[in-house]
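Source: prediction; values computed, not measured.
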Amino acid sequence: AGKTRTLQESLAIADQAKLDLADLNSTVQSLYLSEDMADHEVRLLELDSSLIGQLEAGNSVKVRGDKSDMAVVCTEDSTFELKSTVTTNSLLLLPDCKAPEQLVSEEGSLLHNDIYCISHVYLELKQCRPKLKKLQTLLKENIFLGPEYENDENHTGKKYTTADLLSLIQASEKELLEELRKLQAVHIDGYWRLVEFDYMGNVLQYIMDTVDCQSWSYDQIPTEKLLSMEDNVYPRVLLEHCLDCYGERKMMDFDGGVEQVHTLSEDKVCRYFAEYLLRGVGKFNLAEFLQTWKESVPVGMTTTLEQLEGVALIDKKSHPEVISHFPVTDLPEDAADRFNRLFRTREKWTLEDITPYIRGLCEKKQTVGSLLTKFARASTLPDGTKVYNSRVPIK
């Protein structure tokens, strides 16, 4: 019938609804269904104040996921689940609707607004852990074995740039780069590559041999001097990458001025040698392993069981006690699947043993304790030790 409602008619409707006109804004907005209304063309998205602030600042928000994935929304540093929610309320979209603070205070004014769409469904965001398990699978397609293999016709797996990975992995750029660091991936000629375990060990050993030969200290390796040595047998990018993986950069004052050095991390180096001994050997007599491990690390470094967190499991019930390789990076990303795998591997876990394998599952403000409450039952052994076993049958 057109936009024929008058101000008097609008006020009469308010009066019939028993509304006190004194409590209402003097400007009335009269709503009409648009002639080209099409609710299927619009999706409403609920955002919190922090996300609105990022958009207003000009930052991008991107939806990521393959056809088989649940969609996520990524900001520059966070990932959010994108879920469709149904409401019994009617959600009206009015492009020209004005909030109370936008209305001009004019006595008895009337505004006409078109309803562009009516919806009972909206999208909401919930911050979540990034979906990163796929990253390792992609990078394994072309592992770096050394420069001599780069042109080998049998070594032709796909390589990925940062842009490629951002288009395939459901994570923000900050989260993606952090995971690449954890996986010890190296950026070579514009592509991210995993370095073959033994090759990385050879580079590490070469660095330590060079340090010993030059009478340097593991706490003060002159970065540029090592990288620029003419007789280096490994590429500069791999030497620097290895220093970053197993050490830390710092600036130190010398007589000639300030110089960057690397300090090798005792824990990281010892952890590498532990993995080197455990990979592919099944179970290892614990006492023999500890002695062999102690003898394999550089002189002056001390091995401790704490260095094995998230890398190996010790079976204290076995006689003699044994140790086996059990890296957290090989476990499922989904929480339920990971707990199933853990309880399939070992029926009962102490808090100390299970924590390194589930700590990374905690969502924002979630604790290891709350995860265990959800997926495990606690009990006490006759010796007083508190242990956890599965809440559901093991698959």
So OH of Tyr272 and CD of Gln205: to nearest 0.5 Å the spacing works out to 8.5 Å
Close side-chain approach of Leu93 and Ser119, heavy atoms under 4.5 Å: no
Not counting sequence neighbours, list each pair that qualifies as a ring pair (Phe, Tyr, Trp, His ring centres under 6.0 Å) and has a residue in residues 368-395. Phe339-Phe375
What I want to check is whether the side chains of Tyr191 and Asn142 have a donor and an acceptor closer together than 3.5 Å. no
His120 and Ser90 side chains, donor-acceptor separation under 3.5 Å: yes
Measuring from Ser379:OG to Lys348:NZ, what's the distance to the nearest 0.5 Å? 4.5 Å
Minimal non-hydrogen separation, Ser390 against Arg377, with atom names: O-NH1, 3.8 Å
Is there a donor-acceptor pair closer than 3.5 Å between any side-chain N or O of Ser215 and the backbone N or O of Val211? no
I'd like to know if Arg193 and Glu150 make a salt bridge, using a cut-off of under 4.0 Å between side-chain N and carboxylate O. yes
Would you call Leu305 and Leu290 a side-chain contact if the rule is heavy atoms closer than 4.5 Å? yes
On a heavy-atom basis, which atom in Gly190 and which in Thr161 lie closest, and how many Å separate them? O-CG2, 3.5 Å
Here's one to test your reading of the geometry: is the NZ or CZ of Arg279 within 45 degrees of the ring axis of Phe197 and under 6.0 Å from its centre? yes
Thr210 and Met229: CA distance, side-chain angles, deciding distance, side chain to side chain contact (heavy atoms under 4.5 Å, CB included) verdict: CA-CA 10 Å; Thr210 302; Met229 293 178 68; 3.7 Å; yes
Met200 to Gln184 - nearest heavy-atom pair and separation: CE-OE1, 4.0 Å
Which heavy-atom pair separates Phe343 from Asn389 by the least distance, and what is that distance? CE2-CA, 3.4 Å
Flag yes if more than 12 heavy atoms outside Lys133 fall under 6.0 Å of its NZ atom; otherwise flag no. yes
Between Val328 and Arg338, does a side chain to side chain contact (heavy atoms under 4.5 Å, CB included) hold up when you go through it step by step? CA-CA 10 Å; Val328 65; Arg338 181 173 298 192; 3.9 Å; yes
Do Asn59 and Leu55 make a side-chain contact, defined as non-hydrogen atoms from C-beta onward lying under 4.5 Å apart? no
With rounding to the nearest 0.5 Å, note down the distance linking CD1 in Ile143 to OH in Tyr149. 13.0 Å
So, Ser265 versus Glu248: side-chain donor-acceptor pair below 3.5 Å or not? no
Going by atom types only, do Asp96 and His112 share a side-chain donor-acceptor pair under 3.5 Å? no
Would a 4.5 Å heavy-atom cut-off, applied to side chains only, mark Val28 and Leu111 as touching? no
Decide side chain to side chain donor-acceptor pair (under 3.5 Å) for Thr223 and His262; before the verdict, give the C-alpha distance in whole Å, the side-chain angles of both, and the deciding distance to 0.1 Å. CA-CA 6 Å; Thr223 306; His262 269 83; 2.8 Å; yes
Would you call Thr380 and Thr385 a side-chain contact if the rule is heavy atoms closer than 4.5 Å? no
Might you confirm whether atom OH of Tyr122 has over 12 heavy atoms from other residues, nucleotides or ligands at distances under 6.0 Å? yes
Can you find a side-chain donor-acceptor pair between Ser318 and Glu321 that sits under 3.5 Å? no
Does a side-chain heavy-atom distance below 4.5 Å link Glu141 with Tyr160? yes
Lys268 and Cys245: CA distance, side-chain angles, deciding distance, side chain to side chain contact (heavy atoms under 4.5 Å, CB included) verdict: CA-CA 8 Å; Lys268 291 178 180 178; Cys245 287; over 6 Å; no
Is Asp66 salt-bridged to Lys134, cutoff N-O under 4.0 Å? yes
Would you find more than 12 non-hydrogen atoms of other residues, nucleotides or ligands less than 6.0 Å from Gln29 atom CD? yes
Between Asp244 and Arg249, does at least one N-O distance fall below 4.0 Å, as a salt bridge requires? yes
Mind checking ring-ring contact (aromatic ring centres under 6.0 Å, His included) for Phe273 and listing every partner two or more places apart, or none if nothing turns up? none
Within the distance-only criterion (no hydrogens, no angle test), does the side chain of Arg129 pair as donor or acceptor with the backbone N or O of Leu361 below 3.5 angstrom? yes
Centroid-centroid under 6.0 Å between Tyr234 and Tyr199 rings: yes
Residues Tyr206, Asn232; criterion side chain to side chain donor-acceptor pair (under 3.5 Å); working and verdict: CA-CA 9 Å; Tyr206 173 79; Asn232 278 337; 2.7 Å; yes
Going through the checks in order, is the side chain to side chain contact (heavy atoms under 4.5 Å, CB included) test met by Leu91 and Val121? CA-CA 8 Å; Leu91 304 174; Val121 178; over 6 Å; no
Taking the side chain as everything from C-beta on, heavy atoms only, tell me whether Ile314 gets closer than 4.5 Å to Val322. no
Membership question, hydrophobic clusters at under 4.5 Å side-chain separation (ILVMFWY): are Val203 and Ile221 in the same one? yes
Within a strict 4.5 Å, meaning less than it, do heavy atoms of the Thr292 and Leu277 side chains meet? yes
Under 4.0 Å between a Lys/Arg side-chain N and an Asp/Glu carboxylate O for Arg236 and Glu224? yes
CG of Asp20: more than 12 outside heavy atoms within 6.0 angstrom? yes
Taking Thr79 for the side chain and Pro130 for the main chain, is one N or O donor matched with an acceptor at less than 3.5 Å? no
Using every non-hydrogen atom in the two residues, find where Ile394 and Arg344 come nearest and quote the distance to one decimal. CG2-CB, 3.8 Å
Criterion side chain to side chain donor-acceptor pair (under 3.5 Å) on Tyr32 and Ser30, from CA distance to verdict: CA-CA 7 Å; Tyr32 302 87; Ser30 186; 3.2 Å; yes
Any chance you could measure Lys83, atom NZ, to Glu124, atom CD, to the nearest 0.5 Å? 7.5 Å
Please determine, by modelled atom types, if Asp212 and Tyr218 share a side-chain donor-acceptor pair under 3.5 angstrom. yes
Taking the basic N atoms (NZ, or NE/NH1/NH2) and the acidic carboxylate oxygens, is any pair closer than 4.0 Å for Glu352 and Lys386? no
List the atom of Asn340, the atom of Lys395, and the distance in Å for their closest heavy-atom pair. OD1-N, 2.9 Å
Using distance alone, with no hydrogens and no angle criterion, decide if Trp192 and Thr162 have a side-chain donor and acceptor under 3.5 Å apart. yes
Is it true that, when you exclude Met70 itself, more than 12 heavy atoms of the residues, nucleotides or ligands shown sit nearer than 6.0 Å to its CE? no
Run the salt-bridge test on Arg346 and Asp353 with the 4.0 Å N-O cut-off and return the result as yes or no. yes
